[in-house]
Visitor: 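The structure is given below, and queries will be raised subsequently.
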Amino acid sequence: MALLTVSGLGVAIGSVAPLDGISFEARKGEILGLVGESGSGKSLTAFAVMGLLGRIGGRIATGTILFDGQELTALAEPAYRRLRGKRIAMISQNPMTSLDPIVRIGTQIDQVSRLHLGLSKPAAKARSIDLMEQLRIPDAETLHNAYPHQLSGGMKQRIVIAMALAADPDLIIADEPTTALDVTIQAQIIQIMVDLVRERGLALILITHDMGVVAQACDRVVVLYAGRVAEMNTTQAIFASPRHPYTASLIACIPAHDQPEGTLLGIPGTVPGVLNYPPGCRFHPRCAGAMEVCSAEVPVLQSLAPGTVACHLQGMPA
Ligand code: SF4
């Protein structure tokens, strides 16, 4: 069942329109990957859902965001503030932007459940320690008294996840939650998040540029390119037969196990900046299969069950 339905979302910042017609849904008990290179619009989409566009001078220009039956685009800031943290929580890439360096970590987790669930001090502390244990933080009782600088990067990010879970939210948006960590720790933390989301029946939107993370964690995937949806499908279908050339390129960039160290695959060219979005299909300057029509006409998002794709190649004779 859809918990969050984003339809035709367009975002404007001043006179530019970085997001254009973004549509997807996030379901309970499901991990939805929001994928694309830097500049594709993933974080901006998260900001729009969290009601934080005003902080960067942006606004919703078109579309709707329906969360558990409530239309969020018309929500006033005080009501949004009650929703954030309580029903929708966010985990950011850098734990230090979420943690106060001079407050004990236990106190920071306690504060969330005291504020949003009205728990007493001892009940909040017991809940925090329980959450820390679920996140496989060793010696949670002792670490409840520690300060952020006493923990490794991976442990700090587990504390941020504990804070996100402390108010018992329905939806978590995790924006590149493990990018700053080394690969082994990354995989461990992603697995812990996957297990907790499944156990609790939450919806998780996992923002990442890494198709390896998608393969490990996600049930469905939305691929974004230059502020538009390129393709959306189940993870299985996306990997078995990507329909959009951009999706295929992202998958081709996953490093092979036997790849020599230091060699990184990338898609030639870069995502265009919002002031330089090309006409037609925005991927056409980088697409090996581009045709004349691609620079002239915007490909519409077509439904090809079980997914959708926006590419002029669809429907053409093979
Ligand atoms: Fe490539 Fe054309 Fe498809 Fe865009 S519409 S991805 S340029 S083939």
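Both counts, for ligands and for their atoms, begin at 1 and track the order of listing. Quick caveat: nothing in here was measured; it's all calculated off a predicted structure. Both backbone and side-chain heavy atoms feed into the values below; hydrogens, waters and symmetry mates do not.
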Visitor: Output side-chain donor-acceptor pairs under 3.5 Å for residues 145-155, partner residues at least two apart or in another chain, one line each.
Guide:
{"from": "Gln150", "atom 1": "OE1", "to": "Tyr147", "atom 2": "N", "distance (Å)": "2.7"}
{"from": "Ser152", "atom 1": "OG", "to": "Met155", "atom 2": "N", "distance (Å)": "3.2"}

Visitor: Hey, what's the ring geometry for Tyr225 with Phe283, parallel, tilted or perpendicular (30° and 60° as the breaks)?
Guide: perpendicular

Visitor: Output, in order, the C-alpha distance, side-chain angles, deciding distance and verdict of side-chain hydrogen bond (donor to acceptor under 3.5 Å, both in side chains) for Asp195 and Gln191.
Guide: CA-CA 6 Å; Asp195 294 346; Gln191 195 53 52; 3.1 Å; yes

Visitor: Can you see which heavy atom on Leu313 is nearest to which on Pro245, and at what distance?
Guide: CD1-CG, 4.0 Å

Visitor: Taking the side chain as every heavy atom from C-beta outward, state whether Ile109 and His144 have any pair of such atoms under 4.5 Å apart.
Guide: no

Visitor: Quick one, Lys121 with Asp110, criterion salt bridge (Lys or Arg N to Asp or Glu O under 4.0 Å). Give me CA distance, side-chain angles, the key distance, then yes/no.
Guide: CA-CA 7 Å; Lys121 227 172 163 178; Asp110 297 358; over 6 Å; no

Visitor: Closer than 2.8 Å to atom 1 (Fe) of ligand 1, how many protein N/O/S atoms do you count?
Guide: 1

